[in-house]
Amino acid sequence: MRSTGIRRSLVALGVGALALTACGSDGDDAADGKTRITVNCMPPKSAKVDRQFFEEDVAAFEKKNPDIDVVPHDAFPCQDPKTFDAKLAGGQMEDVFYTYFTDARHVVDINQAADLTPYVKELKSYATIQQQLRDIYTVDGKVYGIPRTGYSMGLIYNKALFEKAGLDPDRPPTTWAEVRDAARRIAALGDGTVGYADYSAQNQGGWHFTAELYSQGGDVVSADGRKATIDTPEGRAVLQTLHDMRWKDRSMGSKQLLVINDVQQMMGAGKLGMYLAAPDNIPILVKEKGAEYEDIAIAPMPGGKGTLIGGDGYMFHKDASPEQIRAGLKWLDHMFLTPGDGFLGDYARAEKHDAPVGLPEPRLFTGAADAKDQQVKKAHANVPVENYRAFLEGNQSLETKIEPPHAQQLYSVLDGVVSAVLTKEDADIDRLLKDASGKIDGILARG
């Protein structure tokens, strides 16, 4: 599941590209003898600043590599789940195409990805990328994709409301009991103020249930991916906490079946104390929803056990030639994987255009590469980085878990569980978990 669409945002960007013309099967040689690659996820024209940056970076790459012709495609979003498989099956996918982390194994399983193993040593940055992110695109020992960004979930909260409610904004909740107490005190401010909000529609409720389950130390499916593991004390704890905040404390408000935009609107309007999200929500809250950077902070996931991680990367069309693969890897290095530079890392350029610099993620690199990236980011930071210190420090002790297999199908099932708890005071939590487990087992059995 996406957090907002992309793990970095210059203008609260959710970029995309899904051109519907033939892409990956039109040959690799341009008329002038250059190697041509089609790529997607170029920012749409409506995102003027990011579009400009992307085009500048492609032009710089082509100048540096005159034997390569990059043909970018744009649309919104980067990947549309409704058309993704059809584009793959129909040979319409770009040579170098965007994927969520959760797509990697599926694309390999349906034999639509090129094996990059013989070429990945030519990707200068590959060894600097976090191992757990590289592993996502490694299947049966072979490399099929390159991570571009990563995110982890945390607790976004409104410092101004914390202060107004008599809470210490520099000591955010670290347990779900503390979240519940803080939500109750914030809701008591009245005037339509909600202490804690959660999603419960459009598969987003299932996504957040998963994150909350991870935070309790639980999991959605077994390690072998064959059985549901939600009908557990951890699963019941998640739902009981939501039920009690909604019906006993009345700290979640009366309006339910919310999705991300609803919750962002509430936070931006100063009417919400807390919700779960990744740091890339912060510029959206400020630039689109009316919040102030000074008021918005983020803490690690409550519970102290784990956090959900996600992100995106690029894979290569199964019919891409060796020349196209090599060209595509060079392009990825230039655009996204050079610390402190390129489309994602040119923090000086971002600062010059009043884009947020200093958010705690994405954190893609390790070692010296990470140190350089963070050094350049710090030098150009224009947001209150102290508001994110708790998140950075707390995340170091949390187990990180990727989304479950068949995530969207499972989230659809879990949506019903979460929405029932938040809309029916007498919801039978045990029955909901048992029924959902059976449905999930069926999905896993079908593969």
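Every heavy atom of this structure was used, including side-chain atoms; hydrogens, water molecules and symmetry mates were not. Remember, predicted model here, so these are calculated numbers, not experimental data.
With rounding to the nearest 0.5 Å, the separation of CE in Met301 from CD in Glu399 is 12.5 Å. Distance CG/Asn395 to CD1/Ile298: 8.0 Å, rounded to 0.5 Å. Atom CD of Glu361 and atom OG1 of Thr149 lie 9.5 Å apart (nearest 0.5 Å). Rounding to the nearest 0.5 Å places OG of Ser222 at 7.5 Å from CG of Leu444. In this structure, the separation between CD1 on Ile186 and CG on Asp181 is 9.5 Å, given to the nearest 0.5 Å. In this structure, CD in Gln112 is found 13.5 Å from OG1 in Thr99, a value given to the nearest 0.5 Å.
Between Lys434 and Asp430 there is no salt bridge, since no side-chain nitrogen of the basic residue lies less than 4.0 Å from a carboxylate oxygen of the acidic one. Between Arg184 and Asp249 there is a salt bridge, with a side-chain nitrogen of the basic residue lying less than 4.0 Å from a carboxylate oxygen of the acidic one. Here Lys159 does not pair with Glu163 in a salt bridge; the nearest charged N to carboxylate O distance is not below 4.0 Å. Using a 4.0 Å cut-off between charged nitrogen and carboxylate oxygen, Glu234 and Lys305 do not count as a salt-bridge pair. For Lys87 and Glu94, the salt-bridge test passes: some basic side-chain N is under 4.0 Å from an acidic carboxylate O. Salt-bridge formation is detected for the pair Asp346/Arg349: a Lys NZ or Arg NE/NH1/NH2 atom is positioned less than 4.0 Å from an Asp or Glu carboxylate oxygen. Using a cut-off of 4.0 Å between Lys/Arg side-chain N and Asp/Glu carboxylate O, Arg148 and Asp312 are scored as salt-bridged.
The closest side-chain heavy-atom distance from Asp198 to Tyr275 is not below 4.5 Å. Side-chain atoms of His73 and Met42, non-hydrogen and from C-beta on, never get closer than 4.5 Å to each other. The shortest distance between side-chain heavy atoms of Met252 and Leu242 falls below 4.5 Å. Side-chain contact check for Lys255 versus Leu258: some heavy-atom pair is nearer than 4.5 Å. For the pair Leu359/Pro283, a side-chain contact is recorded, criterion being any heavy-atom separation below 4.5 Å from C-beta on. Residues Tyr151 and Asp280 have side chains not in contact (no heavy-atom distance under 4.5 Å, counting atoms from C-beta outward). Residues Leu276 and Trp207 form no side-chain contact, since every pair of their non-hydrogen atoms from C-beta on lies 4.5 Å or further apart. Using a 4.5 Å heavy-atom threshold, the side chains of Pro302 and Pro173 count as separate.
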Verdict with reasoning, Ile309 to Gln132, per side-chain contact (heavy atoms from CB on, under 4.5 Å): CA-CA 10 Å; Ile309 64 170; Gln132 64 179 0; 4.2 Å; yes
Carefully, step by step, assess Val413 and Gln409 under the rule side-chain contact (heavy atoms from CB on, under 4.5 Å). CA-CA 7 Å; Val413 172; Gln409 295 180 65; over 6 Å; no
Show, in sequence, the C-alpha distance, side-chain angles and deciding distance for Gln256 and Arg246, and conclude whether the side-chain contact (heavy atoms from CB on, under 4.5 Å) test is met. CA-CA 10 Å; Gln256 297 301 323; Arg246 168 71 174 97; 3.6 Å; yes
Start with the C-alpha distance between Arg363 and Asp373, add both sets of side-chain angles, then the distance that settles side-chain contact (heavy atoms from CB on, under 4.5 Å), and finish with yes or no. CA-CA 9 Å; Arg363 199 75 177 258; Asp373 192 59; over 6 Å; no
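Applying the side chain to side chain contact (heavy atoms under 4.5 Å, CB included) test between Lys289 and each of Val263, Ile284, Asn281 identifies Ile284 as the sole match. The ring-ring contact (aromatic ring centres under 6.0 Å, His included) with Phe336 is formed by just one residue from the set Tyr98, Phe365, Trp331; it is Trp331. Under the side-chain hydrogen bond (donor to acceptor under 3.5 Å, both in side chains) test applied with Gln52, the options Glu55, Glu56, Lys48 reduce to a single match, Glu56.
The two residues Ala278 and Ile156 make their nearest non-hydrogen contact at O-CD1, 3.8 Å. In terms of heavy atoms, Val221 sits closest to Pro404 at CG2-CB, 4.5 Å. In terms of heavy atoms, Tyr137 sits closest to Gly313 at OH-N, 3.0 Å. The two residues Tyr144 and Leu116 come nearest to each other via the heavy atoms C-CD1, 3.8 Å. When all heavy atoms of Tyr314 and Asn40 are compared, the pair lying nearest together is OH-O, 2.7 Å. Summarising the geometry of Tyr347 relative to Gly340, their closest heavy-atom pair is CE1-CA, 4.2 Å, with the distance given to 0.1 Å.
Other residues, nucleotides and ligands contribute over 12 non-hydrogen atoms within 6.0 Å of the NZ atom of Lys271. Other residues, nucleotides and ligands contribute over 12 non-hydrogen atoms within 6.0 Å of the CZ atom of Arg250. Residue Glu292 qualifies as open at atom CD: its count of foreign heavy atoms under 6.0 Å is 12 or below. Within 6.0 Å of CD on Gln375 lie no more than 12 heavy atoms contributed by other residues, nucleotides or ligands.
In this structure, Asn158 contributes its side chain and Gly273 its backbone to no donor-acceptor pair below 3.5 Å. Although no hydrogens or angles enter the test, the distance criterion places no donor-acceptor pair under 3.5 Å between the side chain of Asp441 and the main chain of Lys227. With hydrogens and angles disregarded, no donor-acceptor distance shorter than 3.5 Å links the side chain of His317 to the backbone of Ala113. Judged purely by atom type and a 3.5 angstrom limit, Asp57 has no side-chain atom pairing as donor or acceptor with the backbone of Met335. A donor-acceptor pair is defined here as one N or O able to donate and one able to accept, closer than 3.5 Å; no such pair exists between the side chain of Lys377 and the backbone of Pro360. Side-chain atoms of Tyr157 come within 3.5 Å of backbone atoms of Pro169 as a donor-acceptor pair (strictly under, hydrogens ignored).
A donor-acceptor contact closer than 3.5 angstrom is absent between the side chains of Tyr100 and Glu403. Judged by distance alone, the side chains of Glu351 and Asn382 never bring a donor and an acceptor atom under 3.5 Å apart. Side-chain atoms of Glu212 and Gln216 form no donor-acceptor pair, as typed in the model, at a separation below 3.5 Å.
A ring-centre distance under 6.0 Å is not found for Phe53 and Phe343.
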